[in-house]
Amino acid sequence: MTQIAISVQDGEEKHFDRGTTVAEALKELVSNKQRKQIIAVGCNGLASDLGVPLEEDTVLAPILASSEEGLEILRHSTAHIMALAVKKLYGPEVKVAIGPAIDDGFYYDFDREKAFSPEEFEAIEQQMAEIVAARLPFQRKSLKREDAITLFRDLGEEYKVELLEEMEDDTVSIYEQDSFTDLCRGPHIPDSSWLKVFKLLRVAGSYWRGDEKRPMLTRIYGTAFSDKKELKRYLTQLEEARKRDHRKLGKELGLFTIQDQIGPGLILWQPQGALLRKLIEDYWKEEHYKNGYELLYTPHIARQDLWKTSGHLDFYGENMYSAMEIDEVKYQLKPMNCPFHIGVFNATKHSYREFPIRWCELGTVYRYERTGALHGLMRVRGFTQDDAHIFCRPDQLEDEIFNIIDLNLHILKTFGFAEYDVYLSTRPEKYVGSDEHWELSTDALKQALEKKGLNYSIDPGEGVFYGPKIDIKIKDQLGRSWQCSTIQVDFNLPERFKMSYTGVDGGEHQPIMIHRALMGSLERFIGILIEHYAGGFPLWMAPEQARIMNITDDQSEYCERVFAQLRHAGIRIAKDLRNEKLNYKIREAQLKKVAYMLIVGEREKEEGTVTVRLRDGKNLPPMRPEEFIDFIQKECEEGKG
RNA sequence: GCCGAUAUAGCUCAGUUUGGUAGAGCGGCUGAUUCGUAAUCAGUAGGUCACCGGUUCAAGUCCGGUUAUCGGCUCCA
């Protein structure tokens, strides 16, 4: 029998008989201790099971159970084990669809008459534990695609048959574990004993292949880790996310409310939330003024004809609310601000010398969202875009985009978002405009990104109907990604609205239009901020910066004086002079996430000072009110960058 | 819109299994207490049990429908 040379990366090479499995080779090549950590290996660039026989000289790249790749394999195998458990418990009444590993775990989609309920988790987990204890091996087999189709058809697994029928490979792999056979690319853990820590999390419905016209399946989500502590940490993190939920904090902090009587997806800003929003808006306006923008205000409704001209009725109609009639003319609520800004543009004649024109507006738009999509502030039916439209000449396009990105990243950073991913979205299926225009504008976006030195990925087909776009997705404190900023080139609307300017040559030319939003939707952005800061906003945007509290009634008068002085200086301060114990007042202020508590007892009253308590429980040395004003103003300036 | 779950006082929740016209804590109000770094004590007022209909002598409780919310799918700022 011929010998082949096998080695582990950077390790000694040894010779084995052809057909030796990875597991057998590893026994000779690495220590026992190390071997226990190896869940699979990379063989010539492909992840592979330990049971695979080797046919040629190979360098093995071990995949450790604790590595990201190893964890993914473990979770994928857990999905299989769960499916086996479900099959054992419920038999052929359940058909399997797909069961991949996902970011934080895995899921498996099943077709079952009755949806699973969380009460069944215990039984399934119990069954899984038995499978783990039985050390059932995963056995890989290769077979011809046609044979696999026959196999799964005989098993009654029609979803697998459908998947197979769409595949192009001649041979496919299946995995057998006990009585369960699954179509799968692999790799998998060698046997079920490798699974130590897992938990089923929730059930949900999901369409077969994500298509709402196809059957609704029942999905079980779960997760698995290589270590018990990791699971615990994950569950703690879920708990943390629940604590930060903007709907919960919004209620507790009195920021906003949504009421049945008003309507789903419509936000009522309560005083503290309204103040927070005003502070954000003020900052936004200041920055735009500094960067050469002018502010516009436009109406909420317009004649239906406007939306015909803009193309919104054709391309965005299903998201627009139906028309209302005013003096026998149809009007519709605006889903976007752009046609209005064009109206402002077309109100006067323009010369090339005026460009670039930068117009911004906090424009409230209304869009129909399906009931199931609504979610707190994150997904609503009426929201305010921090919108802007830039009109410029073709030679200015790239610079303008470059400037927008600059301003964009600066503002995001001030809000505490320094990490982001950038995406370039290209032409979607439904679109307007010529291919030439799409190419030209896509190129301009690309150039600006590259000049700015930003890494970006391409999102094919994700552009808006009127043009390609750059999206910036920020990462919050918990590492979650949110799409807020968007920059879109539009050669379409200038055409439709016959926009023009006089060029150097004295002739009429068509301007280029850029749409952009930085925060996207104020509602959503504030929702993200609430969760990002867990309600404890940076001082410059905190609705309540300080709260002054007395220890006994004897200091009330002094507190009133200091309160008036600070308020006069523009500090957002509240007072708590109730006849309550200091502990009680502190607790309440703490729960309301007040940044600074000013504590006044006899000592402070006599010395003309206040003692400043921070959110973390520490105290600053007593200071005079003027000193506190300086202190707080300085912190605000620093916070705003 | 689809699948599943939930809906009781301003808030957080018990009561639903085994139908007999509602309970707690916090908050509110009143009073006492004047107490230095996360809840002082006592009293008191709050609810057509989401809405509509059905079963029943009797429905918060059982059944049907509607609405909203939650977890997902789809969609998306």
Side-chain angles (χ1 to χ4, degrees), chain A residues 107 109 111-112 114-119 201-221 242 245 247-248 251-252 254 257-265 316 318-319 335-336 363-365 367-387 462 464 469 471 473 482-486 515 517-528 549-556 577-592 597-604 611-619:
Chain A
Y107 66 80
D109 283 348
D111 186 351
R112 183 193 186 202
K114 177 174 147 312
F116 287 100
S117 85
E119 282 87 67
L201 296 171
R202 54 181 165 270
V203 287
S206 80
Y207 299 111
W208 168 232
R209 316 200 84 175
D211 184 342
E212 59 186 328
K213 293 187 186 65
R214 314 205 53 177
M216 177 60 71
L217 306 172
T218 157
R219 172 177 295 183
I220 302 179
Y221 282 95
R242 266 193 289 277
D245 191 315
R247 293 165 300 189
K248 180 172 138 63
K251 195 180 276 177
E252 286 170 5
T257 170
I258 302 169
Q259 293 172 358
D260 286 10
Q261 198 182 18
I262 310 287
Y316 206 73
E318 57 192 31
N319 295 298
M336 294 189 194
T364 303
V365 297
R367 299 182 185 176
Y368 172 71
E369 294 292 344
R370 296 154 107 186
T371 50
L374 299 173
H375 181 92
L377 291 177
M378 302 299 192
R379 201 64 188 286
V380 294
R381 286 183 171 162
F383 62 95
T384 304
Q385 293 183 305
D386 66 318
D387 212 353
E462 291 300 306
V464 205
K469 60 172 180 173
D471 286 331
K473 293 185 188 171
W482 302 95
Q483 200 237 294
C484 297
S485 314
T486 181
H515 310 243
L518 309 183
M519 299 184 274
S521 138
L522 268 165
E523 284 74 5
R524 197 166 88 113
F525 194 74
I526 291 172
I528 295 165
M549 46 190 79
N550 56 350
I551 289 172
T552 70
D553 288 345
D554 289 340
Q555 303 92 40
S556 295
L577 307 182
R578 292 174 301 172
N579 173 16
E580 293 289 351
K581 290 179 96 169
L582 183 62
N583 272 333
Y584 183 83
K585 296 185 189 183
I586 286 178
R587 180 184 149 81
E588 208 158 86
Q590 192 83 31
L591 292 174
K592 294 287 183 195
M597 293 171 222
L598 308 184
I599 294 163
V600 175
E602 270 313 288
R603 218 162 43 229
E604 287 82 2
T611 294
V612 182
R613 185 190 200 271
L614 310 180
R615 272 197 282 239
D616 64 7
K618 294 194 184 100
N619 275 356

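Values below: every heavy atom of this structure, side chains too, minus hydrogens, waters and symmetry copies. Numbers restart at 1 for each chain; the letters A, B, ... are given by sequence-line order, proteins then strands.
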Heavy atoms under 4.0 Å, any strand shown: does [X] hit a base, just sugar-phosphate, or nothing?
X      : value
A/F383 : base
A/R202 : sugar-phosphate
A/T486 : nothing
A/R613 : base

Could you tell me how far apart [X] ([atom1]) and [N] ([atom2]) are, to the nearest whole angstrom?
X      : N     : atom1 : atom2 : answer
A/D553 : B/A32 : CG    : P     : 12 Å
A/E580 : B/C41 : CD    : C1'   : 11 Å
A/I551 : B/G36 : CD1   : P     : 6 Å

State whether the distance check finds a donor on one side and an acceptor on the other, under 3.5 Å, for side chain [X] versus base [N].
X      : N     : result
A/R247 : B/U69 : no
A/N583 : B/U37 : no
A/E604 : B/G36 : yes

TODO: Would you mind checking if A/D471 and A/K469 are paired as a salt bridge, meaning a charged N to carboxylate O distance below 4.0 Å?
DONE: yes
Task: Electrostatic pair A/R209-A/D211, nearest N-O below 4.0 angstrom - done: no
Using the [atom1] atom as the point on both nucleotides, what is the distance between [M] and [N], in whole Å?
N     : M     : atom1 : result
B/U17 : B/A50 : P     : 16 Å
B/G27 : B/C11 : P     : 15 Å
B/A45 : B/G25 : P     : 14 Å

Can you check nucleotides 61-68 of chain B for protein contacts, nitrogen or oxygen pairs under 3.5 Å, and list what you find?
unit_1: B/A68; atom_1: O2'; unit_2: A/D260; atom_2: OD1; d: 2.8

Open item on the list: I'd like to know if the side chain of A/K585 reaches the main chain of A/N550, judged simply by a donor and an acceptor atom lying under 3.5 Å from each other, with no hydrogens or angles considered.
Closed with: yes
Open item on the list: I'd like to check, for A/Y221, whether its ring lies over the base of B/G72 with centroids under 5.5 Å apart and a plane angle smaller than 30°.
Closed with: no
Open item on the list: Anti or syn, where syn is a glycosidic angle within 90° of 0; which label fits B/G27?
Closed with: anti
- [ ] Report the residue (A/E588 or A/Y207) whose heavy-atom-nearest nucleotide on RNA chain B is the more 5′ of the two.
- [x] A/Y207
Open item on the list: According to side chain to side chain contact (heavy atoms under 4.5 Å, CB included), who are the partners of A/K592, at least two apart in sequence or on a separate chain?
Closed with: A/R547, A/V594
Task: Protein proximity profile, nucleotides 3-13 of chain B - base contact B, sugar-phosphate-only contact S, no contact -, cut-off 4.0 Å on heavy atoms - done: BS------SS-
